[in-house]
Amino acid sequence: MTDDTRPYGAQEPQPQQPYAYPQPPAYPPQPPVTTASGVTVWPGDGAGGNGGGGTGYAGFAEPQPGAPAPGHRSGPRARKTGTLLAAVAIVAALVGGGSAALVGELTDRGGSTSHSTPVQNASSKSAGGVAAVAKAVSPSIVEIKASTTSGQSTGSGVVITSDGEIITNNHVVAGADTVQVAFSDGSKKTAKVVGTDPDKDLALIKVQGASGLKAASLGSSGSVKVGDEVVAIGSPEGLTGTVTSGIVSALNRDVTVSKEEGRGGQQRERGVPQWPFEFGGNQYNGDTGSSRTTYKAIQTDASLNPGNSGGALINMNGEIIGINSAMYAPGSGGGSGDSAGSVGLGFAIPVDTVKADLAKLRAGGAGGGNG
């Protein structure tokens with residue numbers, strides 16, 4: 001037996017543990033980061049201790065005597081850290097998703113180095129889409145004035161080749177002696193009728209001596225869906241380069257228009273727009289006469305008025321999907337005071353019909369050419 005000389009009740013002394021600094025972190029010290037909303041986020045323990053006047057390695061404060069060994073979290077310290085992270089999370093939620101992503105990156109030390117992808121504004125395309133389409137396509141849309149023995153008709157057309165081929169409606173140039181084309185830059189040139197197809201209400205004219213014109217891009221009407229956004233460009237009432245927009249309201253509508261010379265032109269008689277057509281068994285804007293044709297049309301609520309006939313219906317990629325051909329003008333059966341504008345019932349010949357008819361039109365079409 002060994003005698004114990006310690007007084008009764010005294011505890012055995014604990015051996016002194018040499019103090020050791022924590023191992024340097026595997027990542028470089030992070031400076032404080034200020035978000036776009038002005039919130040400053042400190043890395044590390046969130047208390048701002050990043051070398052700003054503190055002691056120890058890379059701004060980590062030296063533990064006081066009696067502090068827990070490195071890597072050990074006491075209960076109060078863990079609760080304090082959890083409270084701090086909760087507070088940071090609340091601040092992040094208030095200042096927005098960008099700050100939340102930043103806080104998450106700074107506090108996540110799991111080894112991930114990937115950055116969050118910014119969320120794009122879903123409405124940015126819609127906000128600038130019509131303006132972009134108008135800027136791109138307007139140089140390819142022209143105003144057409146066709147003089148006939150019965151007067152003058154005004155419509156629109158679409159440039160499809162750089163040397164001056166222009167697609168329009170048959171009822172715009174039917175029986176024309178002379179045709180004048182006005183471009184978006186204000187210049188004017190004379191054109192001749194190459195060919196017409198009254199059965200499809202299409203015509204091809206060509207500007208004389210033209211070169212370097214901006215041709216429109218012909219899309220596909222087969223991919224058009226109800227609800228698609230569309231842009232219409234034309235010269236309603238002689239207002240060259242007018243841009244309107246809307247959606248595709250319906251497809252494959254049966255529209256009947258006149259094939260007779262001058263009956264479908266854009267003249268104004270007693271203030272009444274002369275743009276007759278039949279739809280759903282009813283006549284609109286006047287009598288279509290005895291000689292008429294029916295075709296499948298794209299219905300749109302983009303605002304169309306007399307003079308838009310022969311102009312472009314365009315998708316949001318800047319491609320021509322139809323040639324505007326008919327619209328309903330309420331009150332057109334009365335006097336000048338009854339004349340009214342578009343109410344959202346417009347119709348366009350599908351561009352696939354146009355493309356299928358081009359060879360025939362270039363060869364003179366059903367009505368032949370005049371030089």
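Under the 4.5 Å side-chain criterion, counting only non-hydrogen atoms from C-beta, Thr154 is not in contact with Ile144. Side-chain contact check for Thr168 versus Val158: every heavy-atom pair is 4.5 Å or farther apart. In this structure the side chain of Gln299 never reaches within 4.5 angstrom of the side chain of Leu251, judged on heavy atoms. Here the side chains of Ile167 and Leu204 are in contact, with some heavy-atom distance below 4.5 Å. Counting only heavy atoms from C-beta outward, the side chains of Phe183 and Lys188 never approach each other to under 4.5 Å. Within the 4.5 Å cutoff, the side chain of Val243 has heavy atoms near those of the Val130 side chain. Two residues are said to be in side-chain contact when any heavy atoms from C-beta on lie closer than 4.5 Å; His171 and Asp201 meet this criterion. Within the 4.5 Å cutoff, side-chain heavy atoms of Ile321 are placed close to those of Val224.
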Practice task
Go through the steps to decide whether Asp352 and Ser221 satisfy the test side-chain hydrogen bond (donor to acceptor under 3.5 Å, both in side chains), and finish with yes or no.
Solution key: CA-CA 6 Å; Asp352 289 352; Ser221 51; 3.2 Å; yes
Exercise for the section: Check step by step if side-chain contact (heavy atoms from CB on, under 4.5 Å) holds for Ile160 and Leu218. Expected result: CA-CA 8 Å; Ile160 60 171; Leu218 302 183; 4.2 Å; yes
Practice task
Report the C-alpha separation of Thr240 and Glu143 in whole Å, then their side-chain angles, then the decisive distance to 0.1 Å, and conclude whether the side-chain hydrogen bond (donor to acceptor under 3.5 Å, both in side chains) test is met.
Solution key: CA-CA 6 Å; Thr240 306; Glu143 179 186 45; 3.2 Å; yes
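By the rule that hydrophobic residues join a cluster once side-chain heavy atoms approach within less than 4.5 Å of another member, Ile298 and Val255 end up as members of separate clusters. Note on Val248 and Leu304: separate hydrophobic clusters, where clusters join Ile, Leu, Val, Met, Phe, Trp and Tyr whose side-chain heavy atoms are under 4.5 Å apart, directly or indirectly. There is no path of hydrophobic side-chain contacts, each under 4.5 Å, that joins Val159 to Leu313. In the hydrophobic cluster analysis, where Ile, Leu, Val, Met, Phe, Trp and Tyr join through side-chain heavy atoms closer than 4.5 angstrom, Val230 is grouped apart from Ile323.
For the residue pair Val351 and Gly219, the shortest heavy atom distance occurs at CG1-O, 3.5 Å. Minimum heavy-atom separation, Ala216 to Ile320: CB-CG1, 3.7 Å. In this structure, Lys296 and Asn252 approach most closely via the heavy-atom pair CD-O, 3.9 Å. Pairing each heavy atom of Val181 with each of Ala191, the nearest pair is CG2-CB, 3.8 Å. Looking at every heavy atom in both residues, Lys200 comes nearest to Tyr295 through O-CD2, 4.4 Å. When every heavy atom of Ser156 is checked against every heavy atom of Gly234, the shortest pair comes out as OG-CA, 3.4 Å.
For the pair Asn315 (side chain) and Glu319 (backbone), a donor-acceptor distance under 3.5 Å is present. Between the side chain of Lys189 and the backbone N or O of Gly164, no donor-acceptor pair lies under 3.5 Å. No side-chain donor-acceptor contact under 3.5 Å links Thr148 to the backbone of Gln152. Panel note: side chain Thr300, backbone Ala302; a donor-acceptor pair is recorded below 3.5 Å. Although no hydrogens or angles enter the test, the distance criterion places a donor-acceptor pair under 3.5 Å between the side chain of Ser140 and the main chain of Lys214. Between the Asp185 side chain and the Ser187 main chain, a donor and an acceptor come within less than 3.5 Å of each other. Under a 3.5 Å cut-off, the side chain of Asp163 and the backbone N or O of Ala210 do not form any donor-acceptor pair. For the pair Thr242 (side chain) and Leu239 (backbone), a donor-acceptor distance under 3.5 Å is present.
The CD1 atom of Ile141 sits 5.5 Å away from the CD1 atom of Ile233 when rounded to the nearest 0.5 Å. Note that CD of Gln208 and NZ of Lys192 are 6.5 Å apart. Values are rounded to the nearest 0.5 Å. With rounding to the nearest 0.5 angstrom, the NZ atom of Lys360 is 10.0 Å from the CG atom of Leu202. Taken to the nearest 0.5 Å, the CD1 atom of Ile247 stands 5.0 Å off from the CG atom of Asp301. The structure places OG1 of Thr178 at 11.5 Å from NZ of Lys145, a figure rounded to the nearest 0.5 Å. Distance check, rounded to the nearest 0.5 Å: CG of Asp197 to CG of Asp357 gives 4.0 Å.
If you check the side chains of Thr256 and Thr294, you find a donor sitting under 3.5 Å from an acceptor. In the model, Ser309 has a side-chain atom that pairs as donor or acceptor with a side-chain atom of Asn169 under 3.5 Å.
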